[in-house]
Number of protein chains: 2
Amino acid sequence: MRSRSRARIMRATVELVDERGFERTTLGDIAERAGLARGLVSYYFPGKRILLQTSMHRLMHQTLSEALEPLGDDDPPELWLATSIDSVLELAARRPTLMRTHLSLILAPSAEGFIQDVEQKRFGGLLREVLARGGAEDPVADHAVLRSALMGACMGLLLPGAEAEPG
Amino acid sequence: MRSRSRARIMRATVELVDERGFERTTLGDIAERAGLARGLVSYYFPGKRILLQTSMHRLMHQTLSEALEPLGDDDPPELWLATSIDSVLELAARRPTLMRTHLSLILAPSAEGFIQDVEQKRFGGLLREVLARGGAEDPVADHAVLRSALMGACMGLLLPGAEAEPG
DNA sequence: GCCTTATATTGGCTGGAAGCCAATGAACGC
DNA sequence: GCGTTCATTGGCTTCCAGCCAATATAAGGC
């Protein structure tokens, strides 16, 4: 039952942040939408930022997972890779507010540093599996490259909305 | 004398955010470092985010201005452009926390939308002047391109610190 | 079935920080 | 000198994240 409430909290988080943005979403709102008590959110997640990042990793894992579902071992590795990239980009295109918030949090210097949650590991693992299909000699390095490429692509997709504001 | 206190507030903001980051800096801290009353900060700036963005635009204008100082009309337009780009990148390299925070705020979806403060206009104007030296037929379009290129370059420079966290 | 223990869930309390505002002070024109 | 405008102050209010003690519920041991 533990995962049940956790999952509801994460889904509510993604929904609300997509609708209102990060700052305009309170932990109380999230608890309300999830139909749970306020305290439970803090019980499962040690902070608002981490809650959103974990929720995003979960969402991306889920999205990627569904996108890869119809593929089979007879499909070429390139198709697997292309499908993966597409799924992430489509997510960014469909929920720009959410994705911009996520990237913003990654960019923002945090005192907490880097936290390896389970959802994050799952998502990363899935990506590495796809890369391994191509017979990559160094999957870790390739993963880093893909990661950067994905972030760059998302930026390009999302920045037009923000580009009125020069760097 | 109006500009005096305003400038002190902006300088204190840049200093503190560079040292501690955005969230760990309060308006009270800023007022204290500036040697002014807490309320004055809110008197001049309608919010913490806008305060930092305005301060950054001011800082970038100042930095760019100083970098261009030694150049003269006999210097080739390419040197003016290169110097401009270098000054911004050097700023990012020297104060990564500050610059990451700034980019993070640009990326973060804000309810306030886009605010054209004076400092912002000054900085943009200076950049356009540099572009005009090259005899650009469409300085506005070139400005947009330069802007995007600058943001991209800063990202590349700053992301290694954040790249442990996949998109 | 019954007690024990661990885990989930609740609601309230607290500290801190941003936004707001009325009062005070200083400069300046007249 | 006097009023007007702007700068400056400090306190008040509100809101929200983090914390915690109390309660409910599920899970096992016997």
Side-chain angles (χ1 to χ4, degrees), chain A residues 1-17 19-56 58 101-102 104-105 108-113 115 117-119, chain B residues 1-56 58 101 104-105 108-113 115 117-119:
Chain A
M1 286 301 110
R2 177 184 179 92
S3 52
R4 189 71 175 240
S5 297
R6 241 182 87 97
R8 290 177 67 176
I9 291 173
M10 289 192 280
R11 221 183 52 204
T13 302
V14 163
E15 283 179 21
L16 285 169
V17 170
E19 294 170 13
R20 314 179 188 171
F22 187 67
E23 311 213 350
R24 297 210 164 270
T25 301
T26 78
L27 297 186
D29 296 339
I30 293 172
E32 192 184 7
R33 170 138 338 172
L36 299 166
R38 159 71 185 79
L40 201 62
V41 179
S42 293
Y43 174 73
Y44 281 119
F45 303 92
K48 202 177 161 189
R49 296 172 52 117
I50 292 178
L51 166 58
L52 179 59
Q53 280 175 240
T54 305
S55 305
M56 280 303 292
R58 179 188 145 90
T101 305
H102 178 59
S104 170
L105 284 189
S110 67
E112 303 120 7
I115 289 182
D117 50 285
V118 189
E119 280 77 9
Chain B
M1 290 305 105
R2 177 183 178 93
S3 52
R4 189 70 175 239
S5 297
R6 240 182 89 97
R8 291 177 68 174
I9 291 173
M10 289 192 279
R11 221 183 52 203
T13 301
V14 162
E15 282 180 21
L16 285 169
V17 169
D18 186 45
E19 293 169 14
R20 315 180 187 170
F22 188 67
E23 312 215 347
R24 295 208 166 272
T25 301
T26 77
L27 296 186
D29 296 339
I30 292 172
E32 191 184 8
R33 170 138 337 174
L36 299 166
R38 160 70 186 79
L40 202 62
V41 179
S42 293
Y43 174 73
Y44 280 120
F45 302 93
K48 203 177 160 188
R49 296 172 52 117
I50 291 178
L51 166 58
L52 179 59
Q53 281 176 241
T54 304
S55 304
M56 281 303 293
R58 181 188 144 90
T101 305
S104 170
L105 284 189
S110 66
E112 302 121 5
I115 289 182
D117 50 284
V118 187
E119 282 76 10

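These figures come from a predicted structure and were not determined experimentally.
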A.B. asks: Return the minimal non-hydrogen interatomic distance between B:Ser5 and B:Leu40, and the atom names on each side.
C.D. replies: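 Of all heavy-atom pairs spanning B:Ser5 and B:Leu40, the closest is CB-CD2, 4.0 Å.
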A.B. asks: Between D:dT9 atom C1' and B:Ile9 atom CD1, what is the distance in whole Å?
C.D. replies: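 To the nearest whole Å, that distance equals 13 Å.
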A.B. asks: Donor-acceptor check, side chain of B:Arg20 to backbone of B:Thr25, threshold 3.5 angstrom: yes or no?
C.D. replies: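 Absent.
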A.B. asks: Just how far, in rounded Å, is C1' of C:dT9 from CZ of A:Arg8?
C.D. replies: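 In whole Å, C:dT9 C1' and A:Arg8 CZ are 12 Å from each other.
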A.B. asks: Could you check which residues of residues 26-36 of chain B get a heavy atom under 4.0 Å from DNA chain C? Sort them by number, please.
C.D. replies: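 Contacts with DNA chain C under 4.0 Å: B:Thr26, B:Leu27.
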A.B. asks: Can you find a side chain N or O atom of B:Tyr44 that sits less than 4.0 Å from OP1 or OP2 on D:dT8?
C.D. replies: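 Result: yes.
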A.B. asks: Starting from P on C:dA8, measure out to CZ on A:Phe45 and report it in whole angstrom.
C.D. replies: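 Those two atoms, CZ and P, are 12 Å apart.
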A.B. asks: Can a side chain N or O of B:Ser5 be found less than 4.0 Å away from OP1 or OP2 on D:dA7?
C.D. replies: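 So the side-chain polar atoms of B:Ser5 never come under 4.0 Å of the phosphate oxygens OP1 or OP2 of D:dA7.
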A.B. asks: In whole angstrom, what separates B:Leu52's CG from C:dA18's C1'?
C.D. replies: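 After rounding, the reported distance stands at 16 Å.
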A.B. asks: Could you check whether any side-chain N or O of A:Asp29 sits under 3.5 Å from a backbone N or O of A:Thr26, counting only pairs where one atom can act as donor and the other as acceptor?
C.D. replies: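 Side chain of A:Asp29 to backbone of A:Thr26: a pair is present.
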A.B. asks: I need the CG-C1' distance between A:Leu40 and D:dT23, as an integer number of Å.
C.D. replies: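 The distance from CG of A:Leu40 to C1' of D:dT23 comes to 14 Å, rounded to the nearest Å.
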A.B. asks: Whole-Å distance between D:dC16 P and A:Leu51 CG?
C.D. replies: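 Taking CG of A:Leu51 and P of D:dC16, I get 16 Å after rounding.
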A.B. asks: A quick test of your reading: do over 12 heavy atoms of other residues, nucleotides or ligands sit less than 6.0 Å from CZ of B:Arg38?
C.D. replies: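 Yes, because the 6.0 Å sphere around CZ of B:Arg38 holds more than 12 heavy atoms from other groups.
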A.B. asks: Ignoring the backbone of A:Ser42, work out which of D:dC19, C:dA18, D:dT8 is nearest its side chain.
C.D. replies: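 The nucleotide sitting nearest to the side chain is D:dC19.
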A.B. asks: So B:Phe45 and B:Met10, side-chain contact (heavy atoms from CB on, under 4.5 Å) or not? Walk me through it.
C.D. replies: CA-CA 10 Å; B:Phe45 302 93; B:Met10 289 192 279; 3.6 Å; yes
A.B. asks: To the nearest Å, give me how far apart OH (A:Tyr43) and P (D:dG18) are.
C.D. replies: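 Going from A:Tyr43 (OH) to D:dG18 (P), I get 17 Å.
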A.B. asks: With a 4.5 Å heavy-atom cut-off, do A:Leu52 and A:His102 have their side chains touching?
C.D. replies: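 Answer no - side chains too far apart.
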A.B. asks: Provide, to the nearest angstrom, the distance between the CZ atom belonging to B:Arg38 and the C1' atom belonging to C:dC21.
C.D. replies: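 Whole-Å distance recorded here is 12 Å.
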A.B. asks: Using a strict threshold of under 4.0 Å (side-chain N to carboxylate O), is an ion pair present between B:Arg33 and B:Glu19?
C.D. replies: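 Salt bridge between B:Glu19 and B:Arg33, a charged N being under 4.0 Å from a carboxylate O: yes.
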